[in-house]
Amino acid sequence: MEIFYEIKPLKKRLETLRKQGKKIGFVATMGALHDGHASLVEASNRDNDITVVSVFVNPTQFNNPDDLAKYPRDLQSDVKVLEENEADILFAPSVPEMYPTEDTRQFELGSVAEVMEGKYRPGHFNGVCQVVSKLFSIIEPDNAYFGQKDYQQIAVIREMVRRYMPDFKGKIVSCPIKREADGLALSSRNLLLSPEQRTSALLISRTLFKAKEMSDGGATQSELTNFIKKSIATDANLCLEYVEIADRDTLQPITADRPVNAVICITVYDGKVRLIDNILL
Ligand code: PAF
């Protein structure tokens with residue numbers, strides 16, 4: 001695997017590969033790589049000749065400095081995961097390389113970015129758009145792969161591209177959530193959980209699976225929401241930040257009694273660790 005820390009040589013290398021007719025896939029990450037990321041690399045390898053992975057803990061998307069300080073970082077182990085999964089190029093820039101001057105761009109993305117994570121993490125999606133737009137401009141991928149665990153993030157990135165990068169030709173590919181055998185959605189933040197908190201975290205996916213079953217059996221939106229709130233409240237380690245039953249495409253709260261074409265999005269604090277998950281109905 002080739003490793004680049006700087007933009008210029010990476011762009012030069014990609015230009016050469018493009019001239020050779022190579023199709024380029026891209027996986028953006030903040031490191032602490034796990035099987036969820038590996039599944040994105042696998043999808044990219046399947047569809048493209050070259051897979052580029054970025055590892056960059058983007059400071060502008062953290063609205064909580066403590067969260068940024070604690071975010072797990074281990075480039076050596078990331079390199080190992082990427083080599084095992086046959087990524088071709090790793091781009092691991094420093095903060096000054098990505099932001100030589102302050103990025104003051106403000107992205108207006110409308111309602112898709114205002115609900116849920118947009119409401120509870122002000123500035124988060126603006127930071128995501130700052131870094132993803134830079135990465136897209138540097139790498140110019142044919143396909144870019146994102147995991148559905150960050151369901152809203154994919155919708156926001158699609159809207160950012162639509163509004164601000166009309167010349168971007170790449171396709172944004174959404175990939176299914178990867179879960180542990182016991183249901184826990186894979187996340188770099190799982191590394192921050194104590195064994196007891198990890199056990200508590202299982203209730204999040206179990207609750208979502210049960211809610212889907214209830215929805216398939218005809219439960220109404222308010223029945224589902226009440227069930228989820230009660231279920232999460234049974235574990236003293238867990239504190240529900242929000243649960244929304246939203247339209248899959250617009251991400252606006254659904255108004256119909258019975259959810260169709262919907263997604264349940266949930267955010268729960270497990271101790272101090274903020275976990276998100278979702279399930280399609
Ligand atoms: O999903 C993530 O890990 C990050 O938000 C992303 C897309 C790599 C941007 O920093």
Side-chain angles (χ1 to χ4, degrees), residues 4 7 10 25-41 43-44 51-65 67-75 77-78 81-82 85 87 89-95 97-99 103 105 107 109 112-113 116-118 120-139 141 143-161 164-165 168 170-178 185-192 251 265 267 273-278:
F4 292 85
I7 296 168
L10 172 67
F26 173 49
V27 179
T29 83
M30 296 207 298
L33 302 179
H34 49 64
D35 282 355
H37 298 112
S39 73
L40 302 180
V41 172
S44 173
T51 293
V52 182
V53 179
S54 63
V55 169
F56 178 65
V57 181
N58 172 37
T60 72
Q61 72 186 73
F62 286 82
N63 52 333
N64 175 348
D67 198 18
L68 171 62
K70 279 199 197 129
Y71 202 84
R73 294 164 168 89
D74 186 349
L75 191 62
S77 122
D78 291 341
V81 173
L82 292 174
N85 287 280
I89 293 178
L90 164 62
F91 177 46
S94 65
V95 172
E97 181 67 9
M98 284 301 278
Y99 297 108
D103 191 339
R105 289 175 299 160
F107 292 82
L109 298 164
V112 87
M116 301 191 282
E117 293 298 280
Y120 286 89
R121 297 185 74 187
H124 167 66
F125 283 135
N126 201 63
V128 169
C129 290
Q130 286 175 341
V131 78
V132 172
S133 60
K134 275 177 189 263
L135 290 166
F136 279 0
S137 305
I138 295 165
I139 292 156
N143 295 295
Y145 298 79
F146 294 91
Q148 249 177 40
K149 190 175 79 65
D150 296 296
Y151 192 90
Q152 189 179 6
Q153 174 170 272
I154 301 179
V156 165
I157 290 171
R158 287 205 163 110
E159 191 60 20
M160 181 273 289
V161 167
Y164 292 95
M165 302 186 77
F168 181 74
K171 189 172 146 213
I172 291 162
V173 185
S174 157
C175 301
I177 299 181
K178 266 283 204 196
L186 294 189
S187 162
S188 305
R189 287 171 197 263
N190 295 350
L191 290 172
L192 304 172
L251 291 182
C265 295
T267 296
V273 187
R274 189 174 187 274
L275 298 174
I276 66 173
D277 202 346
N278 65 74

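Every number for a ligand or one of its atoms is a count from 1 in the order of the listing.
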Inset, instruction - Give me the ring orientation class for Tyr99 and Phe56: parallel if the planes are under 30° apart, tilted from 30 to 60°, perpendicular past 60°. - result: tilted
Legend entry - Interatomic spacing from CZ in Phe146 to SG in Cys175 - rounded to 0.5 Å: 10.0 Å
Legend entry - Donor-acceptor side-chain pairing of Arg158 and Ser174 below 3.5 angstrom: no
Legend entry - Partners passing side chain to side chain donor-acceptor pair (under 3.5 Å) against Glu117 (at least two apart in sequence or in another chain): Tyr242, Thr267, Arg274
Legend entry - Atom CG of Asp35: over 12 foreign heavy atoms under 6.0 Å: no
Give every pair made of an N or O atom of ligand 1 and a protein N or O atom lying under 3.5 Å apart, one pair per line with both atom names and the distance to 0.1 Å, or write 'none'.
{"unit_1": "ligand 1", "atom_1": "1 (O)", "unit_2": "Gln153", "atom_2": "NE2", "d": "2.9"}
{"unit_1": "ligand 1", "atom_1": "5 (O)", "unit_2": "Gln61", "atom_2": "NE2", "d": "2.9"}
{"unit_1": "ligand 1", "atom_1": "5 (O)", "unit_2": "Gln153", "atom_2": "OE1", "d": "2.7"}
{"unit_1": "ligand 1", "atom_1": "10 (O)", "unit_2": "Gln61", "atom_2": "OE1", "d": "2.6"}

Inset, instruction - Run the numbers on Phe26 and Tyr145 for ring-ring contact (aromatic ring centres under 6.0 Å, His included), then give the verdict. - result: CA-CA 6 Å; Phe26 173 49; Tyr145 298 79; 9.3 Å; no
